[in-house]
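Quick notes on the structure that follows.
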Amino acid sequence: MVLALFCYFRQIQRIYVVLAYEKSRFHPSLTEEGLAAYQITRRNDLVEDPDDPDFQIQLGETRSQGIEFDLTGEPLPGLRLIANYAYTDAKITEDTRGFQDNQVANIPEHSGSLWAVYELQAGTLEGLGFGAGIFAADGISGDLENSYEIPGYLRTDALLYYRRDNWRVQLNFENLFDNEYFENSGRYGQPFTIRGRVSVTF
């Protein structure tokens with residue numbers, strides 16, 4: 001029998017600056033917008049050992065900083081537009097194994113999405129809604145050495161729902177065109193998938 005004792009200490013420091021409005025001050029069709037700037041410093045994070053993927057090692061310090069922007073609008077009755085964008089600069093800032101100043105693996109620098117959803121406002125099919133959206137992310141570093149890059153991707157999703165009173169039935173169509181892509185260095189993107197959900201609000 002082998003008895004192993006492992007001690008793991010991690011320190012996290014976060015700095016956020018957030019601006020958000022429930023009602024837009026820029027245009028009446030915009031119902032909400034938000035802007036956040038942040039910096040997150042983490043010490044002693046566990047990551048995959050580049051020499052043996054079955055084990056993990058600790059990095060000295062990583063720093064992630066960037067901005068996130070969200071925008072929601074209703075230009076026409078029943079039509080909602082939702083957009084978001086994120087810029088992330090994630091680097092290894094302290095390390096003794098030669099990884100300092102490298103990009104943190106599996107984190108895209110630019111990513112964002114855009115959705116349009118329309119719901120019928122009158123008639124026998126009032127409450128029927130449908131929409132589609134795209135999600136995009138640029139290339140990411142595949143390992144701590146930054147020795148290779150995983151290409152970015154564009155994925156299309158869609159939804160169909162019907163709601164009445166306090167209940168809702170919804171179908172989500174993920175990766176509508178069944179594109180092949182990697183979400184990160186160890187995971188394929190989800191193939192075309194249909195998910196269903198029924199919810200009741202009390």
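Model, not experiment: these values are computed from the prediction.
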_Working for side chain to side chain donor-acceptor pair (under 3.5 Å), residues Arg164 and Tyr162_ = CA-CA 7 Å; Arg164 178 70 68 180; Tyr162 181 73; 2.8 Å; yes
*Taking it one step at a time, do Arg63 and Gln39 satisfy side-chain contact (heavy atoms from CB on, under 4.5 Å)?*
CA-CA 7 Å; Arg63 185 211 64 212; Gln39 177 174 304; 4.0 Å; yes
*Checking side-chain contact (heavy atoms from CB on, under 4.5 Å) for the pair Ile134/Leu154: CA distance, chi angles, key distance, verdict?*
CA-CA 7 Å; Ile134 57 173; Leu154 178 70; 4.0 Å; yes
_Intermediate values then yes/no, side-chain contact (heavy atoms from CB on, under 4.5 Å), Glu68 and Tyr38_ = CA-CA 9 Å; Glu68 296 179 354; Tyr38 65 90; 4.1 Å; yes
_Worked check of side-chain contact (heavy atoms from CB on, under 4.5 Å) between Tyr181 and Asn175_ = CA-CA 10 Å; Tyr181 65 95; Asn175 195 5; 3.8 Å; yes
*Go through the steps to decide whether Ser113 and Asn84 satisfy the test side chain to side chain donor-acceptor pair (under 3.5 Å), and finish with yes or no.*
CA-CA 5 Å; Ser113 65; Asn84 67 70; 2.7 Å; yes
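When all heavy atoms of Ala105 and Gly142 are compared, the closest pair comes out as CB-C, 4.2 Å. Across every non-hydrogen atom of Leu81 and Ala116, the tightest pair is CD2-CB, 3.6 Å. Taking every heavy atom of both residues into account, Pro108 and Ser111 meet most closely at CG-CB, 4.3 Å.
In this structure the side chain of Val117 reaches within 4.5 angstrom of the side chain of Tyr161, judged on heavy atoms. Looking at heavy atoms from C-beta onward, Phe135 lies in side-chain contact with Tyr153 at the 4.5 angstrom threshold. The shortest side-chain heavy-atom distance between Glu61 and Arg42 does not fall under the 4.5 Å cut-off. When side chains are defined from C-beta on, Val104 counts as touching Ile92, because their heavy atoms get closer than 4.5 Å. Side-chain contact check for Phe182 versus Arg187: every heavy-atom pair is 4.5 Å or farther apart. Two residues are said to be in side-chain contact when any heavy atoms from C-beta on lie closer than 4.5 Å; Tyr85 and His110 meet this criterion. Contact annotation: the side chain of Thr193 never approaches that of Phe173 to less than 4.5 Å [non-hydrogen atoms, C-beta and beyond]. With a 4.5 Å cut-off on side-chain heavy atoms, Thr201 and Arg168 do not count as touching.
In this structure a side-chain-to-backbone donor-acceptor pair under 3.5 Å is missing from Asp138 to Gly152. Ser141 contributes a side-chain N or O that, together with a main-chain N or O of Asp143, makes up a donor-acceptor pair within less than 3.5 Å. Side-chain atoms of Asp70 do not come within 3.5 Å of backbone N or O of Gly34 as any donor-acceptor pair. The backbone N or O of Leu144 lies less than 3.5 Å from a partner atom in the side chain of Asn102, making a donor-acceptor pair.
One hydrophobic cluster, built from ILVMFWY side chains closer than 4.5 Å, cannot hold both Tyr148 and Phe99; they sit in different ones. Both Leu120 and Trp167 belong to a single network of hydrophobic side chains, linked directly or stepwise wherever heavy atoms of I, L, V, M, F, W or Y lie under 4.5 Å apart. Both Leu176 and Leu171 are assigned to one and the same hydrophobic cluster, defined by single-linkage of ILVMFWY side chains at heavy-atom distances under 4.5 Å. Note on Leu125 and Leu76: same hydrophobic cluster, where clusters join Ile, Leu, Val, Met, Phe, Trp and Tyr whose side-chain heavy atoms are under 4.5 Å apart, directly or indirectly. Both Leu128 and Val198 belong to a single network of hydrophobic side chains, linked directly or stepwise wherever heavy atoms of I, L, V, M, F, W or Y lie under 4.5 Å apart.
Sparse packing is recorded around OH of Tyr188, with 12 or fewer heavy atoms of other residues, nucleotides or ligands lying under 6.0 Å away.
Arg80 and Glu74 are not joined by a salt bridge, as no carboxylate oxygen comes within less than 4.0 angstrom of a charged side-chain nitrogen. With respect to the salt-bridge test (charged N to carboxylate O, under 4.0 angstrom), the residues Glu174 and Arg195 qualify.
Considering only residues two or more places apart in sequence or on other chains, Arg155 meets the salt bridge (charged side-chain N to carboxylate O under 4.0 Å, His left out) condition with Asp157.
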